[in-house]
Amino acid sequence: MDNEISTQPHGMEDVEIQEWLESLDSVLESSGPEVAAEILERLRAHATVNGIDLPFTANTPYANTIPPRLEPLFPGDQELERRIKSLIRWNALAMVVRANRVEHNIGGHISTYASAATLYEVGFNHFFRARSEEFEGDTVYFQGHASPGMYARAFLEGRISAQKLENFRRELKPGGGLSSYPHPWLMPDFWEFPTVSMGLSPLMAIYQARFNRYLEDRGLKPVTGAKVWAFLGDGETDEPESLGAITLASREKLDNLIFVINCNLQRLDGPVRGNGQIIQELESAFRGARWNVVKVLWGSEWDPIFERDTEGLLVKRMGELVDGEYQKLVVSSGAYVREHFFGSDPRLLKLVEPMSDESLRRLRLGGHDPRKVYAAYKAAVEHKGSPTVILARTIKGYGLGEAGEGKNVTHQQKKLNEDELREFRSRFGIPLNDEDCIEVPFYRPPDDSIEIQYLRARREGLGGYVPKRSVRTKPLAADHDELFKEFHEGSDGREVSTTMAFVGMLRKMLKDPEIGKLVVPIVPDEARTFGMESLFRTAGIYSSVGQKYEPVDVNTLLYYKEAKDGQILEEGITEAGSMGSFIAAGSAYATHGINTIPFFIYYSMFGFQRIADFIWAAADMRTRGFMLGGTAGRTTLSGEGLQHQDGNSQILALPVPNIKAYDPAFAYEIAVIIQDGIRRMYKDGENVFYYITVMNEPYAMPPMPGNVKDGILRGMYLFRPAANGNAQLRAQLFGSGAILNEALRAQEILETKYGVAADVWSVTSYKELYNDGIETERWNRLHPGEKPRVPYVSKCLSDAPGVLVAASDYLKTLPNMVSKWMPRRLASLGTDGFGRSEGRASLRDFFEVDSRFITLATLHELFVDGKLERAVLDKAIKDLGINPEKPNPIIS
Ligand SMILES: Cc1ncc(C[n+]2csc(CCOP(=O)(O)OP(=O)(O)O)c2C)c(N)n1
Ligand SMILES: [Mg+2]
């Protein structure tokens, strides 16, 4: 075990060790901890120089970080706080038990909050400062499964009715209910941060704390000393995202950030590290990442035993046990503890000789001792220069006794029998008699009781209630017509990609008097790919320490400029981290009352495909802003191959209800979408956000035809009608993104070679068309007596003659989704399958989405309709150079 104090080697005498320890004690007493630490450091260096190979350890012993003599006085009324906490415990339990009595298997969690109650209550009574007129407030990420505790507290505070508690997990009941977990989407006045998908909130909290600094360094908000608290489970830390960004927090010296890890040593199925020690493992990870680590392992009852132990035997013994053993010990009898823990050494037994079995059983863990927790929190909020993590030891299902305390099944425990309820009631002193108690009623003392008075006074002292979400920002004023007008005009024949066009817009937005300072460009080490390097100099890359070096390219125009007031968040290679920044910036309208507008641009394949759950969290959180999937389109990105070519993201955006997904072809389409997006989100306050795919294929950007804005936003518009509308053979071609150009080329081939007159539509958003279609269908179903409404797609195509062919750089299912609202059969071309390392032309041939295949699909549809001779089709296949036996991209 890392933290073991090594056993005495080579027969070294106890007395010698004793002398060393005593002399350290005397230095500590006479000169203080700093001098003692200095001596130890010098000793270590001396030992190394003399060839002593000291094993590396980032661990400290299995003991509390803060010794009793450095503990501050507890400022509250401990007994009253205990009573309040007991009431919250009861109501939290009652919510879950009652809900499951009414509706079998409705679920809910008792044991998570039971283990964390003290950790939260010390925070609520003494630390979490609310948002108020005077102070921006602390930010708290509550562990998702502990939600019953937060509801139960809000019930005592008078913020949530008993009716709502009754409807925990039954949100559709009359009068409303409470959502299972923290979901701002469902409870927008209460929850701020969705935390229940484990591992997301630690990372989001880190980027939130960093974004708070960014806002301060850029002068967008005053420096306030507000803290970001994140409460996590110890099992949760196995999610790679949980620890994935911790070095950013220390590198950025985020002393505004505090993690509290509830180390109950258990997760859902069993122990987190039955054969190891999760606390020591986490300590070394965080210390290695240069966090301030505060361990709160043992309660005050242990202090006198430690004091009696002048030989360091107790701490040595504590380091020996694995978590599986600890899990058993903490719920065992005093006699068992004496025999199995202290019994390993007669000297240890002697330490506890004067103690009864009962007092051994009552030895509390640190995370259940408000004094120890208070000391840790105080140390954390006062700590300077690095983030703090508090590793607090607790018991899962604390207080549940036989119903599950410390048991492996405790996570799932939702029902208690009568005896178990009575026992819980008695243990926590809830004033309910034996009969009433088995009904598990909610219990709230009257408003004028000292408990409620105290609880309210504490919250008033801290500025109000937490959690509480409110939108405090003012809507933007301007329309920004001028800003975007230039992009309606086309590129005058100059070939540019939609990515370049977007970057041009971004550059212009950054200079705008109203929104310029609010724009937050975010990029995960891909700015050069998107041609954004010109922004390095003009907008600057945010760095909390400025630029301590002369950049190697300082003599060039576009040098890598880092600055304390830099505007770009250049996140390095972390799409998850970038999404953390996107969420922080896109929710600042609520968290800070600031309308920051994030533009997060990234390699599109590494967005929805890689970090979809963060996007889901962003949606839940009502995040606003623009995500831009760069180098998008399976066949548009040449060379990169199977991993990079994105034909998926427009599909993967479908399940996120409030994201608007667009696949625009031209600069003016992007301009219209962004301008409207800013209006909807930042002027009208809509809870939507945007996903826009942008491509790297250069072509001339046409000027905007008249009257198409509405169509661009709704998902489709007629871009180029057929030259000869009276032709016999007619077709409608639907193209999106860069593939629109293939449809336009097909239009020409069809007209000149086959006499087919085709209209070409730009489909900017199949998702918008789909949503409109299903919405219309639904309305018609529910209102059979009224005049049926017509889906937008049907309206567009009501008079459109001929066969229908769609092509996009995404899966064929995208156009197919809306085909049922089209007047006739649709032929869909798309890019289902793995990509290839190839040039664009070959890729479009391989995936069968180029102008030749669009032409062929059109002719084939006409043939099926009996409008074209088979011979024409056969000849076309030859003339177009199509190999009918080519491999099928879906399975090759
Ligand atoms: C990403 C993710 N995977 C799985 C779950 C399901 N789940 C909910 S709670 C839980 C165990 C939690 O253990 P821990 O983090 O130690 O928290 P505790 O309840 O012990 O405080 C699991 C696996 C989840 N919510 N999120
Ligand atoms: Mg746990």
Side-chain angles (χ1 to χ4, degrees), residues 89 92-93 96 106-121 123 141-150 169 179-183 191 193-205 229-244 259-274 276-282 285 296-297 322-324 326-327 330-331 365-368 373 389-400 403-414 576 579 610-617 620:
R89 286 180 184 284
L93 172 131
V96 180
I106 197 84
H109 298 84
I110 297 174
S111 59
T112 300
Y113 179 71
S115 69
T118 300
L119 303 179
Y120 286 116
E121 278 306 291
Y141 292 73
F142 296 98
Q143 199 186 347
H145 297 81
S147 62
M150 312 315 134
R169 288 192 164 227
S179 73
S180 50
Y181 302 117
H183 294 302
W191 295 117
F193 306 102
T195 51
V196 82
S197 177
M198 287 188 294
L200 302 192
S201 81
L203 183 138
M204 290 196 296
W229 295 78
F231 287 78
L232 354 167
D234 47 359
E236 180 173 10
T237 60
D238 279 340
E239 289 288 358
E241 294 91 343
S242 297
L243 305 188
F259 274 15
V260 180
I261 307 187
N262 175 17
C263 296
N264 53 28
L265 314 187
Q266 288 180 244
R267 42 179 165 73
L268 192 152
D269 284 339
V272 180
R273 292 287 183 276
Q277 291 181 324
I278 184 63
I279 291 179
Q280 298 301 90
E281 187 179 322
L282 290 173
V296 188
L297 309 187
V322 292
D323 286 355
Y326 269 128
Q327 190 187 343
V330 293
V331 291
L365 295 181
H368 295 299
V373 173
V389 59
I390 292 162
L391 302 171
R393 249 200 86 181
T394 62
I395 299 174
K396 191 146 179 171
Y398 183 77
L400 289 183
E405 187 165 80
K407 296 191 173 159
N408 281 334
V409 294
T410 194
H411 190 84
Q412 307 289 69
Q413 184 58 280
K414 303 174 198 324
M579 199 60 203
R610 186 168 182 126
I611 50 156
D613 207 19
F614 278 107
I615 300 174
W616 187 257
D620 186 348

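Whatever order the structure lists ligands and atoms in, that order sets their numbers, starting from 1.
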Can a donor-acceptor pair be found, under 3.5 Å and without considering hydrogens, that links the side chain of Gln413 to the backbone of Ala403? yes

For the residue pair His109 and His411, categorise the inter-ring angle as parallel (less than 30°), tilted (30 to 60°) or perpendicular (more than 60°). tilted

re atom 13 (O) of ligand 1, the protein heavy-atom contact at minimum distance is Arg267 CA, 3.4 Å

Is any side-chain heavy atom of Leu265 closer than 4.5 Å to one of Arg273? no

Ligand 1 atoms nearer than 4.0 angstrom to some heavy atom of Asn262 are 21 (O)

Measure the distance from atom 4 (C) of ligand 1 to every protein heavy atom, then report the residue, atom name and distance (to 0.1 Å) of the closest one. Met198 CE, 3.8 Å

Tell me, which N, O or S atom in Asp234 is closest to the Mg ion (ligand 2)? OD1

Give the atoms of ligand 1, by number and element, whose distance to some non-hydrogen atom of Val196 is under 4.0 Å. 24 (C), 25 (N), 26 (N)

What pair of heavy atoms forms the shortest contact from Ile395 to Ser115, and how long is it? O-CB, 2.9 Å

Within ligand 1, which atoms have a heavy atom of Thr112 less than 4.0 Å away? 18 (P), 19 (O), 21 (O)

For the residue pair His368 and Tyr398, does the interplanar ring angle fall in the parallel (under 30°), tilted (30 to 60°) or perpendicular (over 60°) class? parallel

How close do Leu391 and Leu297 get, counting heavy atoms only, and between which atoms? O-CD2, 4.0 Å

Do any N/O/S atoms of Ser115 come under 2.8 Å of the Mg ion (ligand 2)? no

Please work out which of the three classes, parallel, tilted or perpendicular, describes the rings of Phe142 and Tyr120, given edges at 30° and 60°. tilted

If you measure from the Lys or Arg side-chain nitrogens to the Asp or Glu carboxylate oxygens, is any gap between Asp234 and Arg393 under 4.0 Å? no

Which bit of His109 is near ligand 1, meaning a heavy atom under 4.0 Å away: side chain, backbone, both or neither? neither

Ser201 versus Tyr141, closest heavy-atom pair with distance: CB-CD2, 3.9 Å

Within the 4.0 Å heavy-atom cut-off, what His145 brings close to ligand 1 is side chain

What angle, to the nearest 10°, do the atoms O (Gln266) and OD1 (Asn264) form about the Mg ion (ligand 2)? 90°

Top protein contact for atom 14 (P) of ligand 1, by heavy-atom distance: Gly235 N, 3.6 Å

Which residue supplies the protein heavy atom nearest to atom 20 (O) of ligand 1, what is that atom called, and how far is it? Lys396 NZ, 2.7 Å

Does some non-hydrogen atom of Gly199 fall short of 4.0 Å from ligand 1? no

Considering only protein heavy atoms, which is closest to atom 11 (C) of ligand 1, and at what distance to one decimal place? Leu268 N, 3.6 Å

Taking N or O atoms only and a 3.5 Å limit, does Ser115 qualify as a polar contact for ligand 1? no

Identify the protein heavy atom lying closest to atom 3 (N) of ligand 1, giving its residue, its atom name and the separation to 0.1 Å. Glu239 OE2, 3.8 Å

Considering all heavy atoms of both residues, which atom of Gly107 and which atom of Val96 are nearest to each other, and what is their separation? O-CG1, 3.9 Å

For Asp234, which part has a heavy atom under 4.0 Å from ligand 1: side chain, backbone, both, or neither? both

What's the shortest distance from atom 15 (O) of ligand 1 to any protein heavy atom, and which residue and atom give it? Glu236 N, 2.9 Å

Report yes or no: does Gln143 have a heavy atom closer than 4.0 Å to ligand 1? yes

Interfacing atoms of ligand 1 (cut-off 4.0 Å, heavy-atom, Asn264): 18 (P), 20 (O), 21 (O)

Measure up the His183 and Tyr181 rings against each other and bin them: parallel (under 30°), tilted (30 to 60°), perpendicular (over 60°). perpendicular

What's the shortest heavy-atom distance between Pro202 and Ser242, and which atoms? CB-O, 3.6 Å

